Structures are given as C-alpha cells and as structure tokens.
Amino acid sequence: HNLHEFEKLRGAIKGSSVNGISQLKRYLHRFGYLEAQADDVFDSNLENAITKFQEKLGLPVTGKLDSPTVLELMSPRCGVPDFPGKLHRIKN
Amino acid sequence: YAYFEGRPRWGRNIPMRLTYAFSPANPINSSLSKEEIRAAFRRSFGRWASVIPVAFEEAGDYGGADIKIGFYSGEHGDGEAFDGVLGVLAHAFSPESGRFHLDAAETWAVDFEREKSAAAVDLESVATHEIGHLLGLGHTAVKEAVMYPSLRPRETKVELKMDDVKGVQALYGSNPNFSLGAFSESDIYSNGGN
C-alpha cells in the first residue's frame with residue numbers, strides 16, 4: 001500500500017466514483033473491515049467499512065473520508081488485521 | 001483491549017517461561033548493532049513480564065525457541081507480504097505460533113538523536129506492540145495504549161497502559177510483583193469501561 005495515495009480521497013462522498021477508492025477497499029479488506037471488492041465506487045459497503053474503522057480506532061464516527069480518518073489511514077501501522085477472525089485467518 | 005478470535009493464549013502452567021531468538025538467516029541490515037537490537041527487545045519483553053507471571057529468556061537455539069524474530073522483505077512465505085518503507089511495519093502471530101516478523105525496509109531506530117531520518121521507526125515501540133500479539137492481544141481503540149495499531153514515524157510508545165495491562169492480565173493473571181503505582185489515576189479509570 002502507498003498510504004499517501006489516500007490523501008487524494010479526502011472529502012470523497014458516497015455515490016461518487018473516484019480513482020483510488022479500489023486501493024482503499026483493498027486496504028480495508030486487508031485489515032478486516034470489508035469483503036474483497038475491486039471497483040472505484042464509494043458505495044454503502046465502503047461507508048459501513050469506514051464507520052467500523054472509525055469506531056475501532058476511536059475516531060469521530062461519520063462514515064466519511066474526513067481529515068482524522070484519512071490521517072489515520074495514512075499512518076504506518078501493524079500488519080495484523082483489526083478484526084483477524086472475521087475476514088482473515090492468522091495462519092498458525 | 002481485544003483478543004484474537006477464540007481468545008488463544010500460551011497454554012503452559014503459570015508461571016511460565018518463553019524463549020525467544022533472532023533469525024540468523026534474516027538479520028537486520030542497518031546501522032544498529034546486534035547488541036542494540038537485543039537490548040531493545042529485552043526491554044520490550046521485560047515490560048510485559050513485569051505485569052504477568054511470564055518470563056522471557058533469549059535463547060541461542062533459533063529452531064527451538066518459542067518466539068522466532070526476523071527481519072523480512074516483501075513476500076516472505078506467510079502470505080502477508082511487507083510493502084517497503086512505512087505502510088506496514090511488522091506483524092506477529094497469535095499464540096502459540098510465536099512468529100514475529102519486522103519489515104526489513106524500515107529505518108529502524110533505537111535513538112532518534114542519532115537517527116535523523118524523517119521515516120525512522122522506533123524499534124522498541126514496535127517490538128512491545130508485537131509482543132502483545134504474541135501473547136494473544138488484538139488491537140485496541142485506546143489511542144494511548146501500546147496495542148493501538150498505528151505508530152507514526154519518530155513516535156515512541158513503549159510504556160504499557162492500563163488497557164494493555166488489563167487485557168493481558170485477563171489472559172495470564174497478574175505478576176505477584178505488579179503494582180498499580182506506576183499508572184496514573186486518570187489512566188486507571190479512563191479504561192474502566194473496556
């Protein structure tokens with residue numbers, strides 16, 4: 001992931017199609033928030049995933065790609081999924 | 001605090017002893033000396049050992065160690081590829097796997113006075129976080145806690161917070177020598193709802 005790419009998604013709104021949303025969806029899938037999707041549409045699934053991300057990380061819950069959320073998305077982080085049991089299995 | 005699904009933990013009798021070793025085949029390639037790296041990990045393991053009845057001991061035998069630590073680049077065989085500078089910094093596996101992988105592409109640091117890179121990452125902070133995973137903790141929403149998933153470059157977060165302590169003590173019990181004295185009143189009570 002090139003996390004700095006998420007900067008250009010700041011302010012994207014539901015219903016829009018924005019280049020880079022697919023990368024965000026891959027990120028949210030990787031960390032356990034979203035089933036795999038490869039399109040660039042800001043749909044209800046993405047809104048729900050953003051809401052879950054905000055709740056999990058103690059951010060203001062808006063369902064939007066606001067500044068605190070984008071800043072967190074761009075932060076270096078641990079590779080362990082935030083919901084490891086839901087969409088991923090840790091391979092023991 | 002949070003756990004992995006099924007709440008796995010190391011199943012040995014309490015008090016328990018876990019050994020750790022560094023991969024001789026995947027050493028760090030940086031300005032840090034082996035001794036600096038070993039010292040950083042020793043401090044990180046020591047923080048967890050001070051709150052639970054689990055002792056950690058460095059072993060010379062990598063193959064026989066409970067916890068296996070190595071620095072890897074890109075795809076490295078576990079399906080969780082590293083992504084180069086920043087992004088994903090490290091990952092570790094739930095009990096009782098013991099695998100602890102760090103991204104070799106990072107500028108790992110133990111002293112920000114010496115390491116001036118804007119992308120430098122504090123090795124001890126990441127080690128402390130990943131040891132939490134090795135013990136069975138997942139990611140928390142408490143931003144100040146060690147088990148919060150993100151860490152900015154040049155940020156240091158090595159001290160366990162009450163959220164971390166309560167989570168790990170629910171798995172292993174309390175170290176008999178553990179005292180709440182090291183924690184501020186606000187820290188103790190701010191996490192009471194978790």
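Residue numbers begin at 1 in each chain, while the letters A, B, ... track the order of the sequences. Excluded from the calculations below are hydrogen atoms, water molecules and symmetry mates; all remaining heavy atoms, backbone and side chain alike, are included. Here the structure is a predicted model, which means the values were calculated and not measured.
- Ranking B/Glu106, B/His91, B/Glu155 against chain A, the residue ahead of the rest is B/His91, based on heavy-atom pairs under 4.5 Å.
- To the nearest 0.5 Å, atoms CZ (A/Phe83) and CD (B/Glu5) are separated by 12.0 Å.
- Within a 6.0 Å radius of NZ in B/Lys116, more than 12 heavy atoms belonging to other residues, nucleotides or ligands are found.
- If you take CZ on A/Arg77 and CG on B/Leu151, they are separated by 12.0 Å, rounding to the nearest 0.5 Å.
- To the nearest 0.5 angstrom, B/Glu130 atom CD is 4.0 Å from A/Cys78 atom SG.
- Of the listed residues B/Leu86, B/Val121, B/Leu89, the one with more heavy-atom pairs under 4.5 angstrom with chain A than any other is B/Leu89.
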Pair A/Val80, B/Glu80 - check side-chain contact (heavy atoms from CB on, under 4.5 Å), show working. CA-CA 9 Å; A/Val80 174; B/Glu80 304 287 347; over 6 Å; no

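- When atom types are taken as modelled, the side chain of B/Lys143 and the backbone of A/Leu59 share no donor-acceptor pair closer than 3.5 angstrom.
- The cluster map of Ile, Leu, Val, Met, Phe, Trp and Tyr, joined by side-chain heavy atoms under 4.5 Å apart, puts B/Val158 and B/Val126 in different clusters.
- Between B/Tyr148 and A/Leu57 the shortest side-chain heavy-atom distance falls below 4.5 Å.
- Taken together through direct or relayed side-chain contacts under 4.5 Å among Ile, Leu, Val, Met, Phe, Trp and Tyr, B/Val110 and B/Phe112 form parts of separate hydrophobic clusters.
- Under the 4.5 Å side-chain contact rule for hydrophobic residues, B/Leu171 and B/Ile14 share a cluster.
- No more than 12 heavy-atom neighbours from other residues, nucleotides or ligands sit within 6.0 angstrom of NZ on A/Lys64.
- Residues A/Val41 and A/Ile50 fall into different hydrophobic clusters, defined by Ile, Leu, Val, Met, Phe, Trp and Tyr side chains chained together at heavy-atom separations under 4.5 Å.
- Contacts of A/Leu73 with chain B are absent, with no heavy-atom separation under 4.5 Å from either backbone or side chain.
- There is no contact between B/Ala145 and chain A, counting heavy-atom distances below 4.5 Å.
- Between B/Arg152 and A/Pro76, the closest heavy-atom pair is CA-CD, 4.4 Å.
- For B/Ala2, the part sitting under 4.5 Å from any heavy atom of chain A is the side chain, from C-beta outward, and nothing else.
- Cluster annotation: A/Phe42 is connected to A/Leu9 through the hydrophobic network of ILVMFWY side chains, with a link wherever side-chain heavy atoms come within less than 4.5 Å.
- Closest non-hydrogen pair, A/Ser75 versus B/Ser150, comes out as CB-CB, 3.9 Å.
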